[in-house]
Asker: 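This is the structure I have questions about; it appears just below.
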Amino acid sequence: MNKSINRTAFLKGFKDGIPIGLGYFAVAFSLGIAARSAGMSPLQGFLMSILNNASAGEYAAVSVIAAGGAYIEMAIITLVTNARYLLMSCALSQRLSTNTRLPHRLLMGAVVTDEIFAVTISQPGYANPYYTYGAIVIASPLWAVGTAFGIAAGNFLPANIVSAFSVALFGMFIAVLIPQAKKDKKMAIVIIASFLLSWLFAALPAVKEMSEGTRTIILTVGISAVAALIFPVAEDDKNE
């Protein structure tokens with residue numbers, strides 16, 4: 001890869017990763033407070049978040065810890081909750097050039113999150129690994145630091161402030177999607193369908209008892225499969 005192009009991609013990813021990191025920092029406060037209730041120290045919370053970097057998975061793990069669950073229970077619930085990242089990594093691999101080396105593919109798959117995936121996949125043409133690195137290098141530390149700060153703050157923060165922190169990440173994720181929806185009507189249709197089906201899955205008796213991670217996997221596979229059939233993307237379109 002051209003060093004100049006990679007440097008430009010890294011800097012752009014870093015810039016785009018700043019609002020993601022700020023959103024992570026805010027949301028991680030509530031995770032930190034939950035982690036403190038489970039008996040974790042700021043250092044333990046920092047290490048958990050810097051190595052995991054997965055909000056839903058960490059919330060699930062902290063819940064198991066707080067309940068005094070076994071290691072195997074924590075491993076299984078974390079695996080199920082984070083399984084959607086396998087799907088995101090597979091989808092992301094389809095946007096990589098055939099010249100992308102295996103170490104880059106593995107590292108991108110290891111650091112992918114919902115928001116990092118969204119901003120990476122929204123870039124035109126083939127995905128540049130250095131763009132993803134630029135985004136995660138600022139977002140991941142802020143997530144880990146936010147968790148540590150949340151544990152340190154403990155229960156001193158008012159409940160309404162903690163609730164506001166929990167909403168911040170969803171607003172940021174919408175901010176990532178809306179501009180792309182305005183540019184592409186097909187994407188807008190898929191996004192609206194995703195919102196509606198996600199709401200239905202959370203309300204219908206048959207599926208609402210499933211874990212959030214399991215529902216996300218079912219929706220992701222189903223919606224992406226239908227979208228691929230209805231709106232196929234030609235190979236040449238990846239380079240546009």
Side-chain angles (χ1 to χ4, degrees), residues 20-21 23-92 105-117 136 139-157 159 161-163 165-170 173 198 200-222:
I20 294 177
Y24 281 178
F25 183 86
V27 174
F29 254 89
S30 58
L31 171 63
I33 292 173
R36 176 170 178 168
S37 299
M40 298 182 70
S41 69
L43 177 59
Q44 290 172 329
F46 178 87
L47 292 175
M48 175 182 69
S49 288
I50 200 69
L51 296 174
N52 239 326
N53 202 34
S55 57
E58 289 182 52
Y59 273 110
V62 166
S63 298
V64 173
I65 293 172
Y71 288 129
I72 186 63
E73 293 175 339
M74 183 166 57
I76 291 174
I77 194 170
T78 303
L79 176 63
V80 172
T81 306
N82 291 338
R84 67 186 186 281
Y85 294 130
L86 296 173
L87 303 175
M88 293 182 189
S89 298
C90 290
L92 192 58
R105 294 174 180 269
L106 293 176
L107 186 54
M108 289 180 74
V111 302
V112 70
T113 67
D114 301 78
E115 294 74 28
I116 299 299
F117 171 79
I136 199 66
S140 182
L142 284 172
W143 171 255
V145 170
T147 303
F149 275 32
I151 294 175
N155 295 318
F156 293 108
L157 291 175
I161 298 297
V162 175
S163 178
F165 285 152
S166 301
V167 174
L169 192 60
F170 294 101
F173 196 62
S198 180
L200 283 174
F201 266 52
L204 292 175
V207 290
K208 70 177 183 179
E209 300 302 326
M210 296 180 179
S211 69
E212 183 179 349
T214 301
R215 293 202 305 267
T216 301
I217 292 172
I218 295 173
L219 285 169
T220 302
V221 173

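As the structure is a prediction and not an experimental result, all values here were calculated from the model. Values below: every heavy atom of this structure, side chains too, minus hydrogens, waters and symmetry copies.
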Asker: Which is it for D114 and M88 under the side-chain contact (heavy atoms from CB on, under 4.5 Å) test, yes or no, and what are the steps along the way?
Answerer: CA-CA 8 Å; D114 301 78; M88 293 182 189; 3.2 Å; yes
Asker: Considering the options L47, T147, N82, which one meets the side chain to side chain contact (heavy atoms under 4.5 Å, CB included) requirement together with N52?
Answerer: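 Going through L47, T147, N82 one by one, the side chain to side chain contact (heavy atoms under 4.5 Å, CB included) with N52 is satisfied by N82 alone.
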Asker: Looking at M74, is its backbone amide N or carbonyl O close enough to the side chain of T78 to form a donor-acceptor pair, meaning the two atoms are under 3.5 Å apart?
Answerer: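 Indeed, once roles are kept as given, a pair shorter than 3.5 Å links the two residues.
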Asker: Taking all non-hydrogen atoms of both residues into account, name the closest pair between A70 and V64 and its distance.
Answerer: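 Smallest interatomic distance, heavy atoms only, reads O-CG1, 4.1 Å.
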Asker: Return yes if a side-chain donor-acceptor contact under 3.5 Å exists between T113 and Y24, otherwise no.
Answerer: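 Present: a donor and an acceptor within the cut-off.
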Asker: Taking C-beta and beyond as the side chain, do V62 and M48 meet within less than 4.5 Å on heavy atoms?
Answerer: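 A side-chain contact exists here, since the closest heavy-atom pair is under 4.5 Å.
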Asker: Heavy atoms only: give me the nearest A148-P42 pair and the separation to one decimal.
Answerer: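 So the minimum-distance heavy-atom pair works out to CB-O, 3.5 Å.
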Asker: Can you tell me how far OG of S89 sits from CZ of F117, rounded to the nearest 0.5 angstrom?
Answerer: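 Going from CZ on F117 over to OG on S89, the span is 8.5 Å.
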Asker: Should E58 and W143 be marked as a side-chain contact (heavy atoms from CB on, under 4.5 Å) after you check the CA-CA gap, both sets of side-chain angles, and the distance that decides it?
Answerer: CA-CA 12 Å; E58 289 182 52; W143 171 255; 2.9 Å; yes
Asker: Under the rule for side chain to side chain contact (heavy atoms under 4.5 Å, CB included), what residues qualify as partners of I76, not counting sequence neighbours?
Answerer: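 Listed in chain order: I72, V80.
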Asker: At their closest point, which heavy atom of L31 faces which heavy atom of Y59, and how far apart are they?
Answerer: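 Scanning both residues completely, I find the closest heavy atoms to be N-OH, 3.2 Å.
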Asker: With sequence neighbours left out, what residues match L106 under side chain to side chain contact (heavy atoms under 4.5 Å, CB included)?
Answerer: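 L102.
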Asker: Rounded to the nearest 0.5 Å, how far apart are CG of L219 and CZ of F201?
Answerer: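 Going from the CG atom of L219 to the CZ atom of F201 covers 4.5 Å.
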Asker: Could you state the interatomic distance from CZ (F149) to CD1 (I33), rounded to the nearest 0.5 Å?
Answerer: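 Between atom CZ of F149 and atom CD1 of I33 there are 13.5 Å.
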Asker: Which heavy atom in V111 sits nearest to a heavy atom in I136, and how many Å separate them?
Answerer: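 The answer is O-CD1, 3.5 Å.
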